[in-house]
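As the structure is a computational prediction, the values presented were derived from the model and not from experiment.
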Protein chains: 2
Amino acid sequence: MSNGVTTQTLTEVVADHLRRLIHLGEVGPGDRLPAERELAEQLGIARLSLREALKTLQNDGYVEVRRGARGGTYVTELEAPVARWRARMRTVSGEFDDIIDFRIGLETETARLAAARRTPEDLAAMRTTIDDLTVAHDRTAFRLADSRFHASLARAARSSRLCAAVESTRAELFNTHDLLPFIDPVQESVDDHEVVFRAVEKGDVDAAAAAMRDHIEHTRTQLRAIVFATDPPSPDAPGATTVS
Amino acid sequence: MSNGVTTQTLTEVVADHLRRLIHLGEVGPGDRLPAERELAEQLGIARLSLREALKTLQNDGYVEVRRGARGGTYVTELEAPVARWRARMRTVSGEFDDIIDFRIGLETETARLAAARRTPEDLAAMRTTIDDLTVAHDRTAFRLADSRFHASLARAARSSRLCAAVESTRAELFNTHDLLPFIDPVQESVDDHEVVFRAVEKGDVDAAAAAMRDHIEHTRTQLRAIVFATDPPSPDAPGATTVS
DNA sequence: GTGCAAGGTACAGACCTTGTACCTTTGTAG
DNA sequence: CTACAAAGGTACAAGGTCTGTACCTTGCAC
């Protein structure tokens, strides 16, 4: 009738959770995570379970752990994970476009609903994230503001499922700005967000959906150029099957 | 920084898996599941784990278990789960529209991509499911054909994420045809599918998306009437907090 | 060089999952 | 009406996972 089912271990769940926070930019390179005991309590798990998850992230090159006073768990520059992600996008056929197509489905509808349902408070929240985006002076700040913009849009759409799915899907992509030196794509991206915002503000559902589609297609183009560049900035994997 | 994380037990995962098969119509009222030993092997789990999951489904009124020769696990008429689902949709504010909105986002994009990418084989597969739909003579057959239509569309869209998400979301709704005696909504539904199919066949992406949107809005209307009817066909729960 | 705030390690108890063996119920063939 | 076979029902021991608790080690700051 059907095939296998399995459970994840707590360690895996926690590792995924933390990885997602990093991918979404909630914590970025150089940041320190809370102390183990504290974080374990926040997550409602035993310290050992957390430690195992951190071990995984350490092996994957997401964090490094230092002992002693001023010790703790610090997010790395993410070179290794980015290289592995890039190798995977090149290797696994269709994966890249699959994610982008999915995002388009989710986010165009989100934009549409947001345009129909947004309150003045929603608009204010979105405005703030766009302002943050404009003044962002480094990758981490930019990425975080970007995530927050899409999240505030999803909140304005009043759809918890869209909200959750948008976030999950964003977490599957490293943001452009982790892959490139912090340069020109930025202005285009800021403009895109502005266009979406204006349409949502006006309450023009079709324009909002169209603007969002354009924005994500721009992202597709940018990312594709980086992922499939023949001149690779790859610090690690050659092109082989480093896929986990 | 964030809140709790947990794992599911195998029992929960298996129960969800089986519940989903029932919701999707892969097995319907009166059907018998494979014998415990056999099913456990298919799923790659111990018999005890499966038994615990079946116990859950039994308590929830999805299946009944009979002993002896000709014994086994049989899917019920689903009255209790449907009543509980209905109570929940009435009670949890916004849940109902949340699910429908999400479906619209997923399935309009699916239709759009399917129209752009479908091969002759895809069209043939879709045609088959529509034919099944037309000649379906009972709830179960209808529901299964309906699920299959949407699945074949998602396959034509060549997007594994959309495919998976469409299926998951469909599993969150009991199909209309479990909620009503088998009557008039059917013809409208068949026509809707036909319209979507024609647009996909023609390769008209906008028409396909629009047709799908209309179809799901029709479903919303139908379902809403049933869920929020003041004259309840409720065989079980009054209207109270039977929500699990 | 002492204090202290981290991470590192160890261990026992509770719970989950598995594999295996055996018992009970019940329809039906002979 | 008896015996068989095909199901579910029960029991148990071994191994894995998660938790709580206690204690050790490292290395910065004063």
Side-chain angles (χ1 to χ4, degrees), chain A residues 1-19 21-22 27 29-76, chain B residues 1-19 21-22 27 29-76:
Chain A
M1 176 180 292
S2 63
N3 31 35
V5 285
T6 343
T7 53
Q8 290 182 302
T9 64
L10 228 206
T11 299
E12 289 163 349
V13 174
V14 174
D16 286 349
H17 175 78
L18 295 175
R19 226 188 323 259
L21 291 182
I22 294 173
V27 289
D31 288 356
R32 210 198 76 169
L33 300 182
E36 291 184 353
R37 288 166 230 269
E38 198 180 325
L39 185 50
E41 188 175 14
Q42 279 177 27
L43 297 172
I45 60 175
R47 194 179 154 214
L48 183 57
S49 307
L50 172 60
R51 283 180 54 69
E52 283 173 356
L54 291 176
K55 187 71 187 172
T56 304
L57 293 188
Q58 204 179 348
N59 290 335
D60 291 352
Y62 280 90
V63 299
E64 35 187 50
V65 174
R66 298 183 213 142
R67 300 179 58 166
R70 295 294 149 116
T73 309
Y74 294 82
V75 178
T76 66
Chain B
M1 175 178 292
S2 64
N3 31 36
V5 284
T6 341
T7 54
Q8 291 183 300
T9 64
L10 229 205
T11 299
E12 289 164 348
V13 174
V14 173
D16 286 348
H17 175 79
L18 296 175
R19 225 189 323 258
L21 291 182
I22 294 173
V27 289
D31 289 355
R32 209 199 75 171
L33 300 181
E36 289 183 354
R37 291 171 170 86
E38 198 179 325
L39 184 50
E41 189 174 14
Q42 280 177 28
L43 296 172
I45 60 174
R47 189 176 158 218
L48 183 57
S49 306
L50 173 59
R51 283 181 53 70
E52 282 173 355
L54 291 176
K55 186 71 187 174
T56 304
L57 294 188
Q58 202 178 352
N59 290 335
D60 290 352
Y62 280 89
V63 300
E64 37 189 49
V65 175
R66 297 181 213 144
R67 299 180 60 166
R70 295 293 152 111
T73 309
Y74 294 81
V75 179
T76 67

Checklist outcome for this item: Once base and sugar-phosphate atoms are separated, protein heavy atoms under 4.0 Å mark nucleotides 4-14 of chain D, 5' to 3', with B, S and - as --BBBBB----
Checklist entry - Of all heavy-atom pairs between B/Arg66 and B/Glu64, which one has the smallest distance, and what is that distance? => result NH2-OE2, 3.6 Å
Checklist entry - In whole angstroms, how far is the P atom of C/dC16 from the CG atom of B/Leu50? => result 17 Å
Item to check | Rounded distance (nearest 0.5 Å) linking atom CG of B/Leu50 with atom NE2 of B/His17 | outcome: 10.0 Å
Checklist outcome for this item: Atom CG of A/Leu39 and atom C1' of C/dA6 are separated, to the nearest Å, by 14 Å
Item to check | side-chain contact (heavy atoms from CB on, under 4.5 Å) against B/Glu41, all qualifying residues, sequence neighbours excluded | outcome: none
Next on the checklist: From CD of A/Gln8 over to P of D/dC18, roughly how many Å is that when rounded to an integer?
Outcome noted: 11 Å
Next on the checklist: For a quick test of reading the model: is some side-chain N or O of B/Ser49 closer than 4.0 Å to OP1 or OP2 of C/dT18?
Outcome noted: yes
Next on the checklist: I'd like to check B/Ile45 versus A/Val5 (side-chain heavy atoms, cut-off strictly below 4.5 Å). Are they in contact?
Outcome noted: yes
Next on the checklist: With a 4.5 Å cut-off on side-chain heavy atoms, are B/Arg47 and B/Arg51 touching?
Outcome noted: yes
Item to check | Spacing between B/Leu43 atom CG and C/dG19 atom P, to the nearest angstrom | outcome: 13 Å
Next on the checklist: Using the side-chain contact (heavy atoms from CB on, under 4.5 Å) criterion, which residues pair with B/Thr11? Sequence neighbours excluded.
Outcome noted: B/Thr9, B/Glu52, B/Ala53, B/Thr56
Checklist entry - Nearest-Å distance, OH (A/Tyr74) to P (D/dG27)? => result 14 Å
Next on the checklist: Nearest whole Å is fine: how far is C/dT17 P from B/Ile45 CD1?
Outcome noted: 10 Å
